[in-house]
Number of protein chains: 2
Amino acid sequence: MADTTETGLPRAVTIAWGMQEAPQRGPNRGLSHERIVAAAIEIADTQGLSAVTMQAVAKSLGFTTMSLYRYVSSKEELLQLMQDAALPLQEKVKLPQSWQQGLRAWANLLREAYRSHPWVLDLPRGQASVLMPNSMRAADLGLQAMRELPLSDFEKVGIILVISQHVAAAVELEQNLAAEDEVEISQEGMDTLREVVTAERFPHLVPVMDTGGYVAGAPAEADDEGVDPEYDLGLDLIISGLEQRISTQG
Amino acid sequence: MADTTETGLPRAVTIAWGMQEAPQRGPNRGLSHERIVAAAIEIADTQGLSAVTMQAVAKSLGFTTMSLYRYVSSKEELLQLMQDAALPLQEKVKLPQSWQQGLRAWANLLREAYRSHPWVLDLPRGQASVLMPNSMRAADLGLQAMRELPLSDFEKVGIILVISQHVAAAVELEQNLAAEDEVEISQEGMDTLREVVTAERFPHLVPVMDTGGYVAGAPAEADDEGVDPEYDLGLDLIISGLEQRISTQG
DNA sequence: ACCTGAACACCGTTCAAGT
DNA sequence: ACCTGAACACCGTTCAAGT
């Protein structure tokens with residue numbers, strides 16, 4: 001499925017690392033991988049992922065659709081490039097001293113990136129993405145936060161995965177709730193539902209629903225960083241689970 | 001975006017709860033919500049989500065494309081119905097006594113469901129899905145596992161979210177790695193990468209890569225249930241974090 | 001060499017018409 | 001009432017042709 005180059009790497013990977021220089025001889029009207037990806041991201045940010053069509057990207061650059069295929073061999077490849085470009089991590093970031101605060105700071109960086117480009121969450125996080133520059137920078141940074149921890153490499157990589165997946169899931173949830181403008185369940189709707197969600201069939205859920213703990217879901221004051229309680233809860237659990245694991249084996 | 005009925009609920013929700021009986025008068029060639037959803041799931045299971053087109057679903061049932069629109073007002077609605085139907089939980093399941101084992105058993109149920117219908121992971125887990133019958137059964141079951149725990153409703157719902165998101169992410173990863181037949185990075189590919197992933201720019205990642213801890217990723221012996229170490233690691237962390245939280249406040 | 005124009009095989013969805 | 005046939009406005013991608 002994913003196109004591979006003669007090096008055995010997915011083509012998107014080689015492009016992202018700049019190994020796929022577009023030959024610069026002959027007429028060059030100024031198209032490039034960078035410009036194409038940037039235009040596509042701009043569209044995704046403002047109009048959503050579904051608005052990213054080859055025609056829309058080309059048009060926004062003032063070229064014909066087909067010109068894109070000089071640089072990108074399929075739409076899938078373009079999406080992979082967008083995915084990596086949406087996580088622009090600086091090199092050599094300094095994290096807080098303690099590993100706990102370090103991991104939290106790292107998670108917050110990821111969270112910011114996901115929040116500014118929520119559509120990345122709709123893309124499958126496949127194997128290729130893990131080999132791309134910004135993903136690798138993120139991994140490096142996560143390992144930096146854990147550098148003093150007495151854990152195996154395998155465990156550290158696992159923790160990076162667990163945390164980044166949690167962050168992704170939390171932002172996805174946050175985003176879906178924020179889009180409730182359209183769906184907003186009315187009181188009448190909830191009443192209708194209660195007729196069929198009986199205490200007999202849902203003994204544990206019904207009490208929670210009746211106190212508004214299930215769907216009401218805190219209107220999210222979206223003021224600043226730390227407001228999403230679900231995000232904090234999960235991160236707290238993971239980190240204190242980690243403290244536990246270290247103290248019982250280190 | 002999502003169609004709502006006069007009750008204020010998304011149409012997919014009312015259909016899933018059986019509140020949207022298709023009127024049975026006049027000629028009825030035997031189409032129904034259930035048959036349409038089942039046919040669509042069959043296609044997704046065998047040929048992937050992208051093979052689920054309105055035309056393909058209709059054809060597999062022996063009807064024209066347009067006949068589906070009598071039952072489903074858009075493809076999005078059909079996808080929402082598929083999402084819920086892919087998680088067929090029995091009512092009144094008995095979970096192990098201890099809450100730890102209960103939560104593990106609950107997570108394993110979810111995992112099984114995701115594994116048999118991996119394409120659900122490609123669908124956005126929106127707000128509507130949380131109101132559908134099987135999602136609510138899953139929530140009820142998760143709450144059952146935690147019934148004796150001294151936690152607020154809010155915390156319990158948060159934990160259900162954290163765990164189910166972790167399970168989803170773990171299965172997604174597992175699935176992506178399993179699809180590595182196509183992408184399989186060659187040694188030559190890794191060598192090429194190493195030229196650009198320098199120890200100078202990736203000081204913490206490079207040692208891990210060189211010991212094969214980053215991308216090699218255990219060929220997954222896929223024999224039985226408990227083989228995915230990343231799944232276990234995350235679940236362990238969450239549960240022991242939970243033990244911690246309870247012991248310091250209960 | 002880079003880009004264009006025309007064309008192909010698909011999508012989801014609407015609408016008027018049949019029974 | 002349920003279903004069909006024709007049509008519309010889109011997709012991604014191909015290929016041969018222009019400069």
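What you see below is based on every heavy atom in this structure, not just the backbone, and it leaves out hydrogens, waters and symmetry mates.
At a threshold of 4.0 angstrom between heavy atoms, the contacts of A:Met66 include nucleobase atoms, whether or not backbone atoms are also involved. Nucleic acid contact class of A:Thr65 (heavy atoms, under 4.0 Å, all strands): base. Counting any heavy atom pair closer than 4.0 Å across all strands shown, A:Ser67 reaches a base atom.
Between A:Arg35 atom CZ and C:dC3 atom C1' there is a gap of 14 Å when expressed in whole angstrom units. The nearest whole Å value for the distance from the NZ atom in B:Lys59 to the C1' atom in D:dT4 is 16 Å. The distance between atom OH of B:Tyr69 and atom P of D:dG5, rounded to the nearest whole Å, is 17 Å. To the nearest angstrom, C1' of D:dC10 lies 16 Å from CD of A:Gln47. As rounded to whole Å, 7 Å separates atom C1' of D:dC2 from atom OH of B:Tyr71. Distance A:Met54 CE to C:dG5 C1': 17 Å, rounded to the nearest Å. Atom CZ in B:Phe63 sits roughly 12 Å away from atom C1' in D:dT4 (whole-Å rounding). One atom, CZ of A:Arg70, and another, C1' of D:dT19, lie 13 Å apart when rounded to the nearest Å.
Taking side-chain N and O atoms only, B:Gln55 has a distance below 4.0 Å to OP1 or OP2 of C:dG12.
In this structure, the nucleotide among D:dT13, D:dC3, C:dT13 sitting nearest to the side chain of A:Lys75 is D:dT13. When distances are taken from the side chain of B:Thr64 to each of C:dG12, D:dC3, C:dC3, the shortest belongs to D:dC3.
For the side-chain contact (heavy atoms from CB on, under 4.5 Å) test with B:Ile36, the passing option among B:Ile41, B:Leu61, B:Leu81 is B:Leu61; the others fail. Test B:Gln83, B:His33, B:Met54 against B:Leu78 for side-chain contact (heavy atoms from CB on, under 4.5 Å) and you get one pass: B:Met54.
With sequence neighbours excluded, the residues that form a salt bridge (Lys or Arg N to Asp or Glu O under 4.0 Å) with B:Arg201 are A:Glu91.
Residues A:Ala56 and A:Ser73 each lie close to DNA chain D; by heavy-atom proximity, the contact nearer the 5' end of the strand is made by A:Ala56.
Considering all non-hydrogen atoms of both residues, A:Ala86 and A:His117 come closest at O-CD2, 3.2 Å. Of all non-hydrogen atoms in A:Met82 and A:Val37, the two that sit nearest each other are CA-CG1, 4.1 Å.
Salt-bridge formation is detected for the pair A:Glu200/B:Lys92: a Lys NZ or Arg NE/NH1/NH2 atom is positioned less than 4.0 Å from an Asp or Glu carboxylate oxygen.
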**Asked** For DNA chain C, what string of dots and brackets results from 5' to 3' when Watson-Crick and G-U pairs need both distances under 3.5 Å, crossing pairs get [ ], and pairs with another strand get |?
**Response** ||.|||||...|||||.||
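Taken to the nearest 0.5 Å, the CZ atom of A:Arg111 stands 13.5 Å off from the CD1 atom of A:Ile163.
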